[in-house]
Amino acid sequence: MSEQKKRAKLPRGFVDLSAADIAATEKMLAAIKDSYALYGFEPVETPLVEYTDALGKFLPDQDRPNEGVFSFQDDDEQWLSLRYDLTAPLARYVAEHFDRLPKPYRSYRVGNVFRNEKPGPGRYRQFMQFDADTIGTSSVAADAELCMMAADTLERLGIERGKYVIKVNNRKVLDGVMESIGLGGEENAGRRLTVLRAIDKLDRLGPEGVRLLLGPGRKDESGDFTKGAGLDASAVSRVLNFTGWKDAGTGAPGTSGSSEATLANFEDAVGQSQFGREGVEDLKVFRNLIETANYQDRILIDPSVVRGLEYYTGPVFEADLTFEVPGEDGKPIRFGSIGGGGRYDGLVGRFRSEDVPATGFSIGVSRLYAALKAINSPIVTGAARRGPVVVLVLDQAEIARYQNFVAQLRSAGIAAELYLGSSGMNAQLKYADKRGALCAVIQGSNERAEGKVAIRDLVLGAELAAATKDRADYIELRTRAQFSVPESELVAAVREVLGRHR
RNA sequence: GCCGCCAUAGCUCAGCUGGUUAGAGCGCUAGAUUGUGGAUCUAGAGGUCCCCCGUUCGAUCCGGGGUGGCGGUACCA
């Protein structure tokens with residue numbers, strides 16, 4: 001290695017996908033698609049790039065896009081950005097084609113989205129989302145339907161009932177609670193945001209951490225200090241009580257189980273707040289829909305769900321995996337949220353004179369894939385790759401003859417390839433093995449003299465090769481895992497071997 | 001963004017108070033086996049010891065500053 005060789009290095013926060021990854025992802029996507037289609041959603045696809053202002057991501061008081069999005073300027077100086085979710089582009093699409101779309105408009109879409117921010121475990125700068133949205137109705141039935149569909153979809157993906165939960169909350173209720181502790185009004189918007197962010201951290205920091213964030217502030221392990229919301233003690237316990245954790249941290253996430261008890265608590269928590277009461281009413285209707293459809297064991301009302309502070313306006317949902325998996329260092333890993341959504345009545349309205357009610361749900365495909373791999377879900381592990389039949393080249397002078405074998409197999413519809421390297425037989429078999437080939441075709445001078453080809457069953461061969469100790473066993477091996485046929489029977493013999501391992 | 005830890009072969013890491021040819025295991029590529037995947041043995045390829053400056057006769061090692069990676073935290077549509 002000398003001068004300036006380029007560094008072969010993937011940018012951080014991005015991933016390469018192997019053949020196995022792609023096969024597994026495609027199976028996942030097919031399952032999700034089936035589920036969404038069954039609920040009557042139709043596909044639509046928008047490009048990776050949008051005008052930055054359509055995404056609404058300019059920095060305040062500047063003509064430059066937000067740093068969280070990958071952006072560049074067109075030749076007319078217009079700012080363009082890579083999409084950072086699938087919802088904002090959908091809002092643009094619906095607004096642009098409003099007149100010709102059926103309303104309510106039900107659609108799904110899948111694709112990669114990009115975020116230009118610090119990657120972490122399970123957080124990438126490019127990742128795949130799979131969304132379904134209903135636009136043009138404010139019916140709670142639309143929200144409930146999405147939650148039920150989310151549950152069905154997770155089960156279709158091989159996640160058993162009980163290993164996941166769809167949590168639901170309502171932003172209006174949260175706002176009502178704020179109002180009841182004196183944080184209503186425009187002037188308290190900043191503090192409300194701080195309180196919501198604190199609640200959002202409940203599952204990670206626990207009630208004590210959140211208590212500090214609601215009050216004076218919290219110092220983390222590295223010594224960094226986060227300023228708190230500065231609420232007084234009674235307001236702090238009122239908020240904590242609302243989220244389901246009592247003073248001493250009794251209770252735990254997702255264990256309450258009873259949406260009914262949660263709702264009763266809500267009514268108390270929002271007090272006289274008009275907005276809050278509306279939210280509670282919505283949730284009651286929601287709960288009835290869920291119970292009538294018999295989903296109450298999978299879809300729970302949970303006051304700690306916050307999400308999407310900027311644009312969700314009513315119900316918010318989150319799909320959580322509840323199981324843990326031992327990590328490489330032995331410490332248990334919990335995957336947590338693998339999807340979410342909610343009602344965003346204001347988004348389409350950014351492009352039109354009137355507001356258009358809308359609600360949607362999004363699955364984080366990349367993260368879900370990692371989780372499914374960890375539990376060895378058949379949907380991803382069963383997607384084993386299957387390589388082509390490999391025709392070995394034992395005599396470079398006869399390469400045209402070998403190529404002819406390959407052509408025969410291909411015209412019979414069997415994936416096949418000629419070994420194109422320059423190594424010996426040993427290495428060629430290793431190659432075939434690595435490719436995941438089931439079968440190799442071999443013709444050396446001996447076979448050629450007789451007008452025959454040897455067909456090698458690589459699956460059987462692997463078993464026998466591993467067990468074989470002495471030379472005598474090779475005879476046995478050959479008869480079972482490898483046999484010769486006349487050249488004219490090549491295709492039939494290969495078919496027979498492939499048929500063994502279907 | 002803020003705080004902390006780390007940086008030697010593709011991977012995991014050794015490298016004696018600073019001493020001239022920088023190592024191991026695994027992996028990779030081959031050979032032993034006219035012509036059979038494992039195992040074994042042998043050989044080979046692969047390094048600006050992250051970068052720059054400084055201290056020193058001499059720096060992979062010591063000091064300063066960068067850069068990159070990891071973890072935590074903040075933000076997160």
Side-chain angles (χ1 to χ4, degrees), chain A residues 1-5 7-9 11-13 50 55-57 65-69 81-91 113-121 123 125 129 131 193-194 196-198 200-201 204-205 209 213 217-227 306-312 329 331 337 340-342 344 346-347 360 362 390 392-395 421-437 440-448 454-471 473-475 477-478 481-482:
Chain A
M1 291 293 282
S2 56
E3 325 81 72
Q4 318 109 318
K5 284 287 185 193
R7 196 170 64 129
K9 182 87 170 89
R12 69 192 177 125
E50 295 280 348
L55 299 177
K57 280 298 162 184
N66 203 328
E67 286 157 24
V69 300
S81 293
L82 291 180
R83 62 189 182 190
Y84 56 83
D85 70 9
L86 297 177
T87 310
L90 177 69
V113 302
F114 302 84
R115 295 187 187 181
N116 191 8
E117 57 192 24
K118 181 186 163 189
R123 289 184 61 167
R125 298 206 288 174
Q129 290 191 328
D131 284 24
L193 211 56
T194 308
L196 289 174
R197 284 176 186 149
D200 199 23
K201 294 181 176 62
R204 191 155 47 84
L205 301 179
L213 284 174
R218 173 178 178 273
K219 198 198 289 199
D220 68 52
E221 298 131 56
S222 68
D224 196 21
F225 183 77
T226 309
K227 195 162 162 265
V306 179
R307 297 193 73 88
L309 298 167
E310 280 186 37
Y311 67 62
Y312 287 133
D329 53 359
K331 272 191 288 186
S337 171
Y344 50 97
L347 249 198
S362 175
V390 175
L392 305 199
V393 175
L394 298 188
D395 185 348
S422 55
S423 299
M425 183 170 192
N426 216 315
Q428 296 193 37
L429 283 169
K430 281 187 189 175
Y431 169 82
D433 189 35
K434 228 172 214 183
R435 289 299 312 275
V441 173
I442 305 169
Q443 188 187 58
S445 52
N446 296 349
E447 286 89 356
R448 192 164 63 244
I455 311 298
R456 184 171 180 78
D457 181 331
L458 292 169
V459 177
L460 262 186
E463 289 167 19
L464 294 172
T468 298
K469 294 186 192 75
D470 55 59
R471 215 125 187 101
D473 287 341
Y474 273 129
I475 309 303
L477 181 154
R478 286 185 193 189
Q482 183 172 326

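Since we're looking at a predicted model, the values are computed, not measured. Here is how names work: the chains are called A, B, and so on, in the same order as the sequence lines, proteins then strands, and each is numbered from 1.
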Peer 1: Do NZ/NE/NH1/NH2 and the carboxylate oxygens of A:Asp395 and A:Arg448 come within less than 4.0 Å?
Peer 2: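 Looking at A:Asp395 and A:Arg448, the cut-off is met.
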Peer 1: Is there ring stacking between A:Tyr311 and B:rA77, where the centres must be under 5.5 angstrom apart and the planes under 30 degrees?
Peer 2: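 The base of B:rA77 is not stacked with A:Tyr311 (the test needs centres under 5.5 Å and planes under 30°).
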Peer 1: With RNA chain B as reference, determine whether A:Pro119 or A:Thr226 sits nearer its 5' end, using the nearest nucleotide of each.
Peer 2: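 Upstream on the strand: A:Pro119.
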Peer 1: Only stems of 3 or more consecutive Watson-Crick or G-U pairs count here, both distances under 3.5 Å; name the ones for RNA chain B, or none.
Peer 2: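 Only these stems qualify: B:1-7 with B:67-73, B:10-13 with B:23-26, B:28-32 with B:40-44, B:50-54 with B:62-66.
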Peer 1: As a test of reading the structure: which of B:rU73, B:rU36, B:rG37 is closest to the side chain of A:Leu205, going by heavy atoms?
Peer 2: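 Side chain of A:Leu205 sits closest to B:rU73.
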Peer 1: Partners of A:Asp457 by side-chain hydrogen bond (donor to acceptor under 3.5 Å, both in side chains), sequence neighbours excluded?
Peer 2: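 Partners of A:Asp457 under the side-chain hydrogen bond (donor to acceptor under 3.5 Å, both in side chains) test: A:Arg500, A:His501.
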Peer 1: Would you kindly check whether a donor in the side chain of A:Lys201 faces an acceptor in the base of B:rU73, or vice versa, at under 3.5 angstrom?
Peer 2: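 Counting by modelled atom types and ignoring angles, no donor-acceptor contact under 3.5 Å is found here.
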Peer 1: Could you check which of B:rA77, B:rG35, B:rA30 has an atom nearest any side-chain atom of A:Ala427?
Peer 2: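 Side chain of A:Ala427 sits closest to B:rA30.
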Peer 1: Take atom P in B:rA22 and the same atom in B:rC3, then report the distance between them in whole Å.
Peer 2: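 Straight-line distance between the two P atoms is 39 Å.
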Peer 1: By nearest atom, which of the nucleotides B:rG37, B:rG35, B:rC75 is closest to the A:Asn446 side chain?
Peer 2: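 Per side-chain heavy atoms of A:Asn446, the pick is B:rG35.
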Peer 1: Output the single nucleotide from B:rC76, B:rA77, B:rA74 whose closest atom is nearest the side chain of A:Lys57.
Peer 2: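 Of the options given, the side chain of A:Lys57 lies nearest B:rA77.
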Peer 1: Quick one: is B:rG71 close enough that its OP1 or OP2 comes under 4.0 Å of any side-chain N or O from A:Arg123?
Peer 2: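 For A:Arg123, the contact criterion (side-chain N or O under 4.0 Å from OP1 or OP2 of B:rG71) is not met.
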Peer 1: For B:rU56 versus B:rU67, give the span between their C1' atoms, rounded off to a whole number of Å.
Peer 2: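 Per the computed distance, 26 Å lies between those C1' atoms.
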Peer 1: Looking at B:rC28, I'd like to know if its phosphate oxygens (OP1 or OP2) sit under 4.0 Å from a side-chain N or O belonging to A:Lys434.
Peer 2: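 Result: yes.
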Peer 1: Over how many whole Å does the gap from A:Leu394 atom CG to B:rU36 atom P extend?
Peer 2: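 It is 10 Å, rounded to the nearest whole Å.
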Peer 1: Is the shortest side-chain N/O distance from A:Arg204 to OP1 or OP2 of B:rU73 below 4.0 Å?
Peer 2: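 Answer is yes, contact under 4.0 Å.
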Peer 1: Can you list everything that forms a ring-ring contact (aromatic ring centres under 6.0 Å, His included) with A:Tyr431? Sequence neighbours excluded, please.
Peer 2: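 Here the qualifying residues are A:Tyr419.
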Peer 1: Does a side-chain N or O of A:Arg115 approach OP1 or OP2 of B:rC75 to a distance below 4.0 Å, or not?
Peer 2: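 Negative; the distance criterion is not met.
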Peer 1: Whole Å only: how far is the CG atom of A:Leu86 from the P atom of B:rA77?
Peer 2: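 It is 14 Å, rounded to the nearest whole Å.
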Peer 1: Classify the nucleic acid contact of A:Asn66 as base, sugar-phosphate or nothing, counting any heavy atom under 4.0 Å across all strands shown.
Peer 2: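 Nothing: the residue A:Asn66, judged by heavy atoms under 4.0 Å, touches no strand.
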Peer 1: From the options B:rA77, B:rG37, B:rG35, select the nucleotide whose nearest atom is closest to the side chain of A:Ser445.
Peer 2: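 Closest nucleotide among those given: B:rG35.
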Peer 1: Apply the test side-chain contact (heavy atoms from CB on, under 4.5 Å) to residues A:Met425 and A:Leu394: give CA-CA distance (whole Å), side-chain angles for both, the deciding distance (0.1 Å), then the verdict.
Peer 2: CA-CA 7 Å; A:Met425 183 170 192; A:Leu394 298 188; 3.9 Å; yes
Peer 1: To the nearest Å, give me how far apart CG (A:Leu458) and P (B:rU36) are.
Peer 2: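 Atom-to-atom, A:Leu458 to B:rU36, this comes out as 15 Å.
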Peer 1: According to salt bridge (Lys or Arg N to Asp or Glu O under 4.0 Å), who are the partners of A:Glu67, at least two apart in sequence or on a separate chain?
Peer 2: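 Not a single residue meets the salt bridge (Lys or Arg N to Asp or Glu O under 4.0 Å) criterion with A:Glu67.
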Peer 1: Identify which nucleotide among B:rG69, B:rA74, B:rA77 has an atom closest to any side-chain atom of A:Arg12, counting heavy atoms from C-beta outward.
Peer 2: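 The closest nucleotide is B:rG69.
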Peer 1: Can you tell me the distance, in whole Å, between the CG atom of A:Leu193 and the C1' atom of B:rC76?
Peer 2: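 Result: 12 Å.
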Peer 1: Given the C1' atoms of B:rU60 and B:rA43, what is the spacing between them in whole Å?
Peer 2: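 It comes out at 29 Å once rounded to the nearest Å.
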Peer 1: Between A:Asp433 (side chain) and A:Gly436 (backbone), is there a donor-acceptor pair under 3.5 Å?
Peer 2: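 Answer holds: no.
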Peer 1: Using whole Å, what does the distance between atom P of nucleotide B:rA77 and atom CG of A:Asp131 come to?
Peer 2: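 It is 14 Å, rounded to the nearest whole Å.
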Peer 1: Run the side-chain hydrogen bond (donor to acceptor under 3.5 Å, both in side chains) test against A:Tyr312 and tell me which residues pass, sequence neighbours left out.
Peer 2: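 So A:Tyr312 forms no side-chain hydrogen bond (donor to acceptor under 3.5 Å, both in side chains) with any residue.
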Peer 1: Would you confirm whether A:Arg12, through its side chain, and A:Pro119, through its main-chain N or O, come within 3.5 Å as a donor-acceptor pair?
Peer 2: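 No.
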Peer 1: Rounded to the Å, how far apart are A:Asp433 CG and B:rG38 C1'?
Peer 2: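 Distance, rounded to whole Å: 10 Å.
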Peer 1: A:Ser423 has a side chain; which of B:rG37, B:rA30, B:rA77 sits nearest to it?
Peer 2: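 Comparing B:rG37, B:rA30, B:rA77 against the side chain of A:Ser423, the answer is B:rA30.
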Peer 1: Nearest heavy-atom pair of A:Arg123 and A:Glu117: which atoms, and what distance?
Peer 2: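 Closest approach of A:Arg123 to A:Glu117, heavy atoms only: NH2-OE2, 2.9 Å.
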Peer 1: Which sits closer to the 5' end of RNA chain B, A:Gly424 or A:Asp457, going by the nucleotide each is nearest to?
Peer 2: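 Whichever sits nearer the 5' end wins; that is A:Gly424.
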Peer 1: Under the salt bridge (Lys or Arg N to Asp or Glu O under 4.0 Å) test, which residues partner A:Arg307, sequence neighbours left out?
Peer 2: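 Partners of A:Arg307 under the salt bridge (Lys or Arg N to Asp or Glu O under 4.0 Å) test: A:Glu318.
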Peer 1: Expressed in whole Å, how much space separates the P atoms belonging to B:rA77 and B:rC5?
Peer 2: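 It comes out at 32 Å once rounded to the nearest Å.
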Peer 1: Provide, to the nearest angstrom, the distance between the CG atom belonging to A:Asn116 and the C1' atom belonging to B:rC75.
Peer 2: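 Those two atoms, CG and C1', are 13 Å apart.
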Peer 1: Tell me whether the OP1 or OP2 atom of B:rG37 has a side-chain N or O from A:Arg456 closer than 4.0 Å.
Peer 2: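 False: A:Arg456 side-chain N/O out of range (4.0 Å or more) of B:rG37 OP1/OP2.
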Peer 1: Is it true that a side-chain atom of A:Tyr84 and a backbone atom of A:Leu55 form a donor plus acceptor pair closer than 3.5 Å?
Peer 2: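 Here the side-chain-to-backbone pair exists.
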Peer 1: Distance between the C1' atoms of B:rG10 and B:rU29, in whole angstroms?
Peer 2: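 The answer is 13 Å between these two C1' atoms.
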Peer 1: Choose from B:rU34, B:rA77, B:rG37 the nucleotide whose nearest atom is closest to any side-chain atom of A:Val69.
Peer 2: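 Minimum distance to the A:Val69 side chain belongs to B:rA77.
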Peer 1: With the side chain of A:Met425 defined as its heavy atoms from C-beta on, choose the nearest nucleotide among B:rG37, B:rA74, B:rU36.
Peer 2: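 That would be B:rU36.
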Peer 1: Measure from CG on A:Leu460 to P on B:rG38 and round the result to the nearest Å.
Peer 2: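 Rounded to whole Å, this separation is 17 Å.
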Peer 1: What does A:Leu55 touch in the nucleic acid at a heavy-atom separation under 4.0 angstrom: a base, only the sugar-phosphate, or nothing?
Peer 2: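 Answer is nothing: A:Leu55 stays at 4.0 Å or more from every strand.
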Peer 1: Say you pick atom P in B:rA14 and the same atom in B:rC57; how far apart are they, in whole Å?
Peer 2: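 Those two atoms are separated by 32 Å.
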Peer 1: Given the C1' atoms of B:rC50 and B:rC61, what is the spacing between them in whole Å?
Peer 2: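 Between the two C1' atoms, the distance is 15 Å.
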Peer 1: Does the B:rG35 base have a donor-acceptor partner in the side chain of A:Glu447 within less than 3.5 Å?
Peer 2: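 Between B:rG35 and A:Glu447, which were checked side chain against base, a qualifying N/O pair under 3.5 Å is present.
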Peer 1: Is it the case that B:rG38 (base atoms only) and A:Lys430 (side chain only) share a donor and an acceptor within less than 3.5 Å, ignoring hydrogens and angles?
Peer 2: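 Such a pair does not exist between side chain and base.
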Peer 1: Nearest to the side chain of A:Ile442, heavy atoms from C-beta on, is which of B:rA77, B:rG72, B:rG35?
Peer 2: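 Closest nucleotide among those given: B:rG35.
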